[in-house]
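To keep things clear, I will list the structure first and then write my remarks on it.
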Amino acid sequence: MVNRSKDFLRRRVEEDLELDRYKKIVTRFPPEPNGFPHIGHAKSISINFGIAKEYGGECNLRMDDTNPTTENIEFVEALKDAVEWLGFRWSGDVRYTSDYFLKLYNYAIRLIKMGKAYVDSLSEEEIREYRGTVTKAGKRSKYANRTIEENLDLFNRMKRGEFREGEHVLRAKIDMSSPNMKMRDPLLYRIKNGDHFRAKDKWAIYPMYDFAHPLSDYIEGVTHSICTLEFENNRDIYNWLIETLELEPPRPYQHEFARLNINYTVMSKRKILELIDNKIVDSWDDPRLPTIAGLRRRGYTAEAILNFCEQIGVAKANSTVDIAQLEFSIRDDLNHKVPRVMSIFKPLKVTIENYNGFEDINASYYPHDVPKEGFRKLPFSKEIYIERDDFMENPPKGYYRLTPNQPVRLKYAYIISCQEIIKDNSGNIVEIKAKYYPNSKSGSDSSGIKVKSAIQWVEANSAKEIEVRLYDRLFKKETPEGIDDINPNSLEIIKNALIEPAVIKDRVDSRFQFERHGYFFADPVEYSDKRPIFNRVVSLKESWSKKIKRENRRDKSKPKKEHIEGRVAPMSREEEILFKIYSEEHRLNREVANTLARDKELSKFYKEALKEFNNPIAIANITTNEVARELKVKKIDEVKFTPKDIADLVKMVDSGTISTKIAKDVFEEMSRSGEEPTKIVNDKGLRQINDKSLILSIVKEIISKNPKNVKKFRDGNRKILGFFIGQVLKASNGKANPKIVNELVTEELNLI
RNA sequence: UGGGGUAUCGCCAAGCGGUAAGGCCACGGUUUUUGGUACCGUUAUUCGGGGGUUCGAAUCCCUCUACCCCAUCCA
């Protein structure tokens with residue numbers, strides 16, 4: 001990760017720091033303790049704690065416990081645990097929104113006193129009706145005009161528990177016809193009778209998210225309140241509250257990023273809970289679940305998860321990450337960490353008829369490319385087990401393992417070849433009689449026999465039995481819709497797998513690679529010496545089985561989406577007249593004329609500029625492009641340049657004093673400082689260079705400095721022209737006439 | 001449908017007017033006592049579509065399209 005470019009959040013943080021908006025960065029991770037955190041939370045944790053760490057700030061862990069009916073202490077613990085396990089430390093103690101209830105209550109009082117909040121007594125259904133719809137404005141409740149005293153009294157009595165749930169709520173008085181539904185007098189407080197898991201029965205009213213969240217951020221001195229995309233609409237309330245309460249700066253700002261989705265799994269608390277309730281998985285820490293507890297129990301490491309979070313990046317586009325990316329991150333991590341051992345899942349007995357006696361073979365735990373040391377003893381005798389799949393009587397082409405006429409190496413031990421196949425009455429292979437080559441021992445092989453592969457094995461009498469749990473993706477569909485999409489084979493249990501004894505006796509690690517099978521983790525809950533249980537974290541990448549499958553797979557390439565062309569809204573009568581004038585009299589091209597005709601402000605601006613300098617096409621072009629951009633973000637009376645300024649700018653371009661490229665820079669400066677264009681050009685000496693010989697010398701210099709790119713050009717890369725033009729322009733501080741540069745560069749390059 | 005967002009390779013994702021980064025996946029090859037790893041190579045003449053501005057556009061302007069979010073007394 002050499003030059004990893006910064007994501008938009010980090011860029012914003014850096015900007016805020018540079019402009020001295022904050023002395024120190026404070027972020028927060030604010031989960032609601034109503035479920036176990038999943039890998040989506042890990043992404044948020046990684047962002048919030050990561051940013052705080054990188055910029056020398058702090059990150060708070062805050063339990064957003066404003067809804068007593070769903071929250072409890074078990075989830076608080078799971079959340080704390082997850083953050084710690086991922087390796088982060090929160091600043092100070094764990095925070096709780098419930099600790100701020102009194103402060104929040106006082107803010108509410110202030111809002112009421114300002115006339116900005118009122119107690120509403122509409123029923124739940126009425127409130128819904130009054131809210132209107134996305135296309136229809138809502139209407140305000142008749143209770144909205146209660147006096148401040150009435151509101152204060154009612155709110156106070158709500159707090160004291162004098163009312164039943166639903167009788168009254170506190171609402172902000174904002175705008176019932178706001179196009180943003182969230183701003184239609186949002187609820188601030190509601191009555192809840194049950195006990196809160198921390199505040200017990202102290203409160204009868206509880207703040208809503210939209211009220212508690214910004215204020216809690218403010219109370220904690222949070223600077224960057226980072227949340228997911230679905231809260232974009234809530235940002236208006238966030239700002240409204242802070243502004244309306246006239247809170248002392250510095251204040252926090254909310255920023256949103258896209259939540260994590262992964263294919264073949266589900267990420268929401270609701271859906272995970274559904275799996276637990278339907279007994280499809282055992283509990284929150286089921287190794288098939290994308291919960292942190294599940295991943296952890298499966299054998300994922302914190303490093304792998306953190307790497308994953310870093311790899312997928314942070315952006316604002318809704319996206320679904322391929323589960324293969326997650327699998328990569330754990331393989332990548334475990335590869336250089338864990339010992340390799342041999343295990344047999346489906347044993348096939350092999351009797352080595354010409355071997356007698358017993359020996360202990362010294363075998364390294366790590367392959368040559370893992371820079372770690374460690375050995376164990378591998379018992380060897382004439383009776384061993386190999387994997388059933390590692391022998392085939394009638395092998396397909398390209399099969400590397402043991403066959404009636406293909407020898408194979410027993411890893412760390414000898415080369416064997418098949419002498420006889422023993423079958424039972426129904427024709428199943430039950431045993432292989434083999435012979436070994438005494439001079440082929442690993443490390444001192446003088447047999448000269450070439451084998452295609454080495455396979456794993458265990459010695460029959462010393463091998464230990466283990467249970468292995470082979471986990472696979474939970475759903476068979478990429479985008480699961482429900483329980484019907486469950487992968488019925490998401491868990492395969494092998495009760496009597498065999499493993500070399502050192503794994504059980506020495507226990508050098510809790511994670512192993514079972515060679516050629518995958519990475520495994522001693523189940524932290526159910527493992528015992530009597531019944532050792534290993535979870536498969538992830539299988540190894542396997543090109544052999546894929547190659548076989550590929551042969552009978554059809555190509556199902558997706559057809560490109562068909563594009564539907566929509567209809568442009570028709571012009572009004574006046575617009576049509578304008579369009580006609582612009583395109584026919586002023587000879588503007590249709591697109592420009594169209595843009596101008598449909599936009600009254602632009603049109604007016606254009607006409608005024610035209611009075612100053614009669615060059616309709618040039619004025620129209622700059623108006624519909626540059627001026628239009630400014631008008632998108634500012635109102636007409638906020639822009640700092642006048643039509644005359646634009647006309648002057650065009651005049652300079654027209655006369656060749658400046659190039660269009662310089663004109664853009666001047667325009668930027670104009671809209672920033674409001675200075676006159678001629679002054680800017682003079683002050684900065686921006687006159688363009690038209691002297692051919694001067695430009696030519698720069699061109700030659702650039703060409704001689706970049707032989708590699710010259711070669712690219714000669715090899716047919718025309719786009720590289722842009723590189724040379726850019727370089728020449730840069731060398732002349734942007735002043736060289738780009739048309740001439742273009743001409744000369746092309747000429748020179750073709751000469752070579 | 002009003003508002004707010006988003007579109008760059010099969011999946012993520014850089015890019016902010018001057019040569020379309022990188023990772024995953026896939027595909028070849030080399031090394032290998034793991035059909036693993038590592039290493040080398042291949043994979044976007046094109047950035048949702050169409051126009052326009054410019055010497056030059058993924059980037060600026062116009063327009064169309066698709067998808068996501070908002071009408072819980074959830075967060």
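Letters A, B, ... mirror the listed sequences (proteins, then strands); counts begin at 1.
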N/O-N/O pairs, protein side and nucleotides 5-8 of chain B side, under 3.5 Å:
| residue | atom | partner | partner atom | Å |
| --- | --- | --- | --- | --- |
| B:G5 | O2' | A:Glu232 | OE1 | 3.4 |
| B:G5 | O2' | A:Glu232 | OE2 | 3.1 |

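- Distances shown here put a side-chain N or O of A:Ser543 below 4.0 Å from the OP1 or OP2 atom of B:G36.
- The phosphate of B:G56 (OP1 or OP2) has no side-chain N or O of A:Lys739 nearer than 4.0 angstrom.
- B:C27: Watson-Crick or G-U partner is B:G41, with both key distances under 3.5 Å.
- With a cut-off of 3.5 Å on both Watson-Crick or G-U wobble distances, the partner of B:A66 is given as B:U6.
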* **Nucleic acid footprint by protein, nucleotides 59-65 of chain B - heavy-atom cut-off 4.0 Å, B for base, S for sugar-phosphate alone** => -BBBSSS
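- Geometrically, A:Arg536 does not engage A:Tyr519 in a cation-pi contact, judged by NZ or CZ lying under 6.0 Å from the ring centre and within 45° of the ring axis.
- With sequence neighbours excluded, the residues satisfying side-chain contact (heavy atoms from CB on, under 4.5 Å) with A:Asn742 are A:Leu721, A:Ile725, A:Thr746.
- Contact annotation for A:Tyr414: no contact, since no heavy-atom pair falls under 4.0 Å across all strands.
- One cannot find a donor-acceptor pair under 3.5 Å joining the base of B:G10 and the side-chain atoms of A:Asn263.
- Between the C1' atom of B:A26 and the CZ atom of A:Phe328 lies a distance of 15 Å, rounded to the nearest Å.
- A:Ile205 comes within contact range of no nucleotide atom at all, as no heavy-atom separation falls under 4.0 Å.
- Under the Watson-Crick or G-U wobble criterion, with both distances below 3.5 Å, B:A13 has no partner in any strand shown.
- Residue A:Thr66 is classed as a sugar-phosphate contact, given heavy-atom separations below 4.0 Å to backbone atoms only.
- B:U72 shows a glycosidic angle within 90° of 0 and is accordingly assigned syn.
- Between the base of B:G36 and the side chain of A:Glu515 there is no donor-acceptor pair shorter than 3.5 Å.
- In this structure, the CG atom of A:Leu402 is 16 Å from the C1' atom of B:G35, given to the nearest Å.
- The shortest distance between the side-chain N/O atoms of A:Asn737 and the OP1/OP2 oxygens of B:C55 is not below 4.0 Å.
- Atom P of nucleotide B:G36 and atom OH of A:Tyr365 are separated by 24 Å, given to the nearest angstrom.
- Not a single donor-acceptor pair under 3.5 Å links the side chain of A:Asp390 to the backbone N or O of A:Arg401.
- The shortest distance between the side-chain N/O atoms of A:Lys541 and the OP1/OP2 oxygens of B:G35 is not below 4.0 Å.
- Contact of A:Gln456 with B:U34 (side chain to base): no donor-acceptor pair of N or O atoms is detected under 3.5 Å.
- Both A:Ser440 and A:His168 sit near RNA chain B, but only A:Ser440 has its closest nucleotide nearer the 5' end.
- Atoms CD (A:Glu125) and C1' (B:U72) sit 12 Å apart, rounded to a whole Å.
- Of the charged side-chain nitrogens involved, none lies within less than 4.0 Å of a carboxylate oxygen, so that A:Arg235 and A:Glu232 do not count as a salt-bridged pair.
- Across all strands shown, A:Leu729 has heavy atoms under 4.0 Å from base atoms, whether or not it also approaches the sugar-phosphate.
- If you check every strand for non-hydrogen atoms under 4.0 Å, A:Gly398 touches a base.
- Looking at heavy atoms from C-beta onward, A:Asp389 lies out of side-chain contact with A:Arg516 at the 4.5 angstrom threshold.
- A:Arg190 places a side-chain N or O within 3.5 Å of a backbone atom of A:Pro207 that can act as its donor or acceptor partner.
- Residue A:Arg131 places at least one side-chain N or O under 4.0 Å from the OP1 or OP2 atom of B:C73.
- Contact check for A:Ile191 versus A:Arg164: no side-chain heavy atoms found under the 4.5 Å cut-off.
- Put simply, CG on A:Asn180 is 9 Å from P on B:G4, counting in whole angstrom units.
- Here A:Asp210 lies out of heavy-atom contact (under 4.0 Å) with every strand.
- Of all nucleotides listed (B:C11, B:A13, B:U34), B:C11 comes nearest to the side chain of A:Asp322.
- Here A:Arg184 does not reach the OP1 or OP2 of B:G3: none of its side-chain N or O atoms lies under 4.0 Å away.
- A:Leu260 places its CG atom 16 Å from the P atom of B:C11, with the value rounded to the nearest Å.
- When heavy atoms are screened at a 4.0 angstrom cut-off, A:Ser178 is found touching no nucleic acid atom at all.
- Phosphate contact (OP1/OP2 of B:G15, side-chain N/O of A:Arg11, threshold under 4.0 Å): present.
- What separates NZ of A:Lys6 from C1' of B:A21 is a distance of 15 Å, to the nearest Å.
- Annotation: the span from A:Thr624 atom OG1 to A:Tyr606 atom OH amounts to 9.5 Å, rounded to 0.5 Å.
- In this structure, A:Gly518 reaches neither bases nor backbone, as no heavy-atom distance under 4.0 Å exists between it and the strands shown.
- Taking atom CG on A:Asp332 and atom P on B:C24, their separation rounds to 8 Å, with Å as the unit.
- For B:G35, the OP1/OP2 oxygens have a side-chain nitrogen or oxygen of A:Arg516 closer than 4.0 Å.
- Here A:Lys661 lies in heavy-atom contact (under 4.0 Å) with a base.
- Taking side-chain N and O atoms only, A:Arg590 has no distance below 4.0 Å to OP1 or OP2 of B:G51.
- Under the 4.5 Å side-chain criterion, counting only non-hydrogen atoms from C-beta, A:Leu260 is in contact with A:Phe308.
- For the atom pair CD1 of A:Ile174 and OG of A:Ser177, the computed distance is 12.0 Å after rounding to the nearest 0.5 Å.
- By the 30° and 60° cut-offs, the orientation of the rings of A:His517 relative to A:Phe345 is parallel.
- Heavy atoms of A:Tyr400 sit under 4.0 angstrom from at least one base atom.
- Contact annotation for A:Val134: base contact, defined as any heavy-atom pair under 4.0 Å involving a base atom.
- The one candidate from A:Phe512, A:Phe514, A:Trp457 that meets the side-chain contact (heavy atoms from CB on, under 4.5 Å) condition with A:Ser343 is A:Phe514.
- B:A75 has no stacking from A:Tyr209 on its base ring, since the centres under 5.5 angstrom apart and planes within 30 degrees of parallel are not both found.
- Residue contacts shown for A:Asn234 include a base, since a base heavy atom lies under 4.0 Å away.
- At a threshold of 4.0 angstrom between heavy atoms, the contacts of A:Tyr412 include nucleobase atoms, whether or not backbone atoms are also involved.
- You'll find the side chain of A:Phe257 stays beyond 4.5 Å of the side chain of A:Asp7, heavy atoms only.
- Within the nucleic acid shown, A:Tyr189 has no heavy atom closer than 4.0 Å to any nucleic acid atom.
- You'll find a donor-acceptor pair under 3.5 Å spanning the side chain of A:Asn233 and the base of B:G3, going by distance alone.
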* **Audit row: A:Asp665, A:Lys661, salt bridge (charged side-chain N to carboxylate O under 4.0 Å, His left out) steps and yes/no** => CA-CA 7 Å; A:Asp665 293 342; A:Lys661 187 185 175 73; over 6 Å; no
